Amino acid sequence: MEKVSFNENKLIVAILFGAIAGIVSGWLFGTAMVSVVWIGELFLDTLKMMIIPLIVAAVISGVTSLGDIRKLGKVGSATLLYYTLTTACAVLIGLFVVNLIQPGNGVEQLSQDVPEAVANKAETGFIDIIKSLITPNIISAAANTKLLPVIVFCLLFAAALTTIGEKNITIIRFFDGLNEVMMKLVIWIMTFAPIGIFALIAGKIGEAGGGIAIKNELLAVGNYCFTVILGLTLHFIFLFIILVLFSDRGRKYFLTLLRALFTAFGTASSSATLPLTMKCAIEAGVDKRSVKFVLPIGATVNMDGTALYESVAVMYIAQAYGITMGLSEQAIIFITATLAAIGAAGIPQAGLVTMLIVLNAVNLPVEGIGMILAVDWFLDRFRTTVNVWGDSVGAALIEPYLPKVNSLKK
Ligand code: ASP
């Protein structure tokens with residue numbers, strides 16, 4: 001029988017307690033809980049502080065540990081295949097539940113204005129996503145936590161490093177060491193997760209006006225929320241099943257990852273959760289090379305929850321406007337939602353903006369976003385949890401594709 005260690009257990013229980021206490025006190029005490037927002041922000045900032053040094057160290061140390069660039073090719077293709085296939089499955093599940101439940105049928109409150117959150121962003125398109133891979137200024141990208149170009153730079157840097165012979169040893173050791181230090185810091189930070197997650201959740205519910213206000217918001221679009229959460233739950237289970245089928249992991253892996261999953265729920269950000277996701281996956285025994293390679297990239301591009309959510313949201317808007325989405329339109333939603341999710345950053349509510357790509361592709365009014373805006377912060381937490389779970393399952397499944405020996409470090 002798989003067992004989870006005593007210390008892990010204590011922390012999992014404490015985090016669970018923190019999350020539940022956060023929901024209950026935010027619900028009951030409402031705006032009074034705004035007073036704990038700063039504690040949540042402190043925890044969030046501590047996690048964010050880790051992101052850039054951790055990603056740089058992890059990606060460079062991860063890629064160089066694979067050996068030469070040809071080996072990177074095999075792991076890289078397996079990883080990209082996993083990201084794409086699971087994201088596509090997520091969209092299919094989303095389309096399935098939204099067609100089944102039809103939450104938008106008969107909904108009347110159509111909004112007239114383009115919400116501020118997405119105003120001026122209507123031009124966002126695929127070219128922008130491709131352009132966002134490269135930055136003219138790596139320092140400014142890092143300073144603004146633009147992760148995609150930073151990762152691309154690190155991948156190129158690491159690939160080049162594997163080709164310069166013995167001169168690379170000092171540099172590789174430096175990044176290996178840096179990675180270990182960052183992981184040590186994560187252990188320290190994790191101790192504060194229960195209080196941090198409590199404050200993040202209680203503060204957010206407090207800001208939203210407490211239980212009654214939220215209940216009213218949720219009831220207004222209750223069917224829609226139910227459809228999104230049902231789809232996300234099904235996809236979560238689907239990922240669990242492929243984890244069990246294609247690796248020797250299962251329940252224990254899930255339990256070990258719980259701390260990261262709760263942090264994802266609390267922060268609504270895959271990127272901010274990344275340090276914990278990496279730490280938990282390593283604790284669960286996943287090969288460090290897989291963790292360092294799959295998770296930082298996954299936190300930035302692999303967003304199953306976001307893709308599923310975008311497909312449901314777009315179909316919901318179409319249903320509410322009484323616009324029929326036939327098979328060809330749904331095929332367009334399938335492709336664009338998969339790609340738009342790749343373009344979404346791992347930060348709160350990023351999916352709302354890239355959803356414009358999907359809406360534009362099937363000629364739906366951008367104003368439709370106004371109907372779902374009020375509950376987006378809430379659904380964001382669920383989809384972020386699924387995003388992080390998708391990355392974590394990926395790290396476990398990619399393990400067998402790693403080269404057997406670490407040629408550069410022997
Ligand atoms: N908040 C999500 C994440 O960080 C992205 C989104 O769907 O808005 O993973």
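For clarity, every value in this text was computed on a predicted model and none was experimentally measured. For ligands, and for the atoms within them, numbers begin at 1 and follow the listed sequence.
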Answer with yes or no whether the side chains of T273 and T263 bring together a donor and an acceptor at under 3.5 Å.
no
Indicate the ring-plane relationship of F175 and F157, choosing parallel, tilted or perpendicular according to the 30° and 60° boundaries.
perpendicular
Is the W389 ring parallel, tilted or perpendicular to the Y253 ring (thresholds 30°, 60°)?
tilted
Presence of salt bridge, E310 and R383, under 4.0 angstrom:
no
No-hydrogen, no-angle side-chain donor-acceptor test under 3.5 Å, Y309 and D376:
yes
Listing by chain and number, which residues have a heavy atom under 4.0 Å from ligand 1?
A268, S269, S270, M303, T306, A345, G346, I347, P348, Q349, A350, G351, D380, R383, T384, N387
Side chain to side chain donor-acceptor pair (under 3.5 Å) contacts in which one or both residues fall within residues 227-237, not counting sequence neighbours
H235-D304
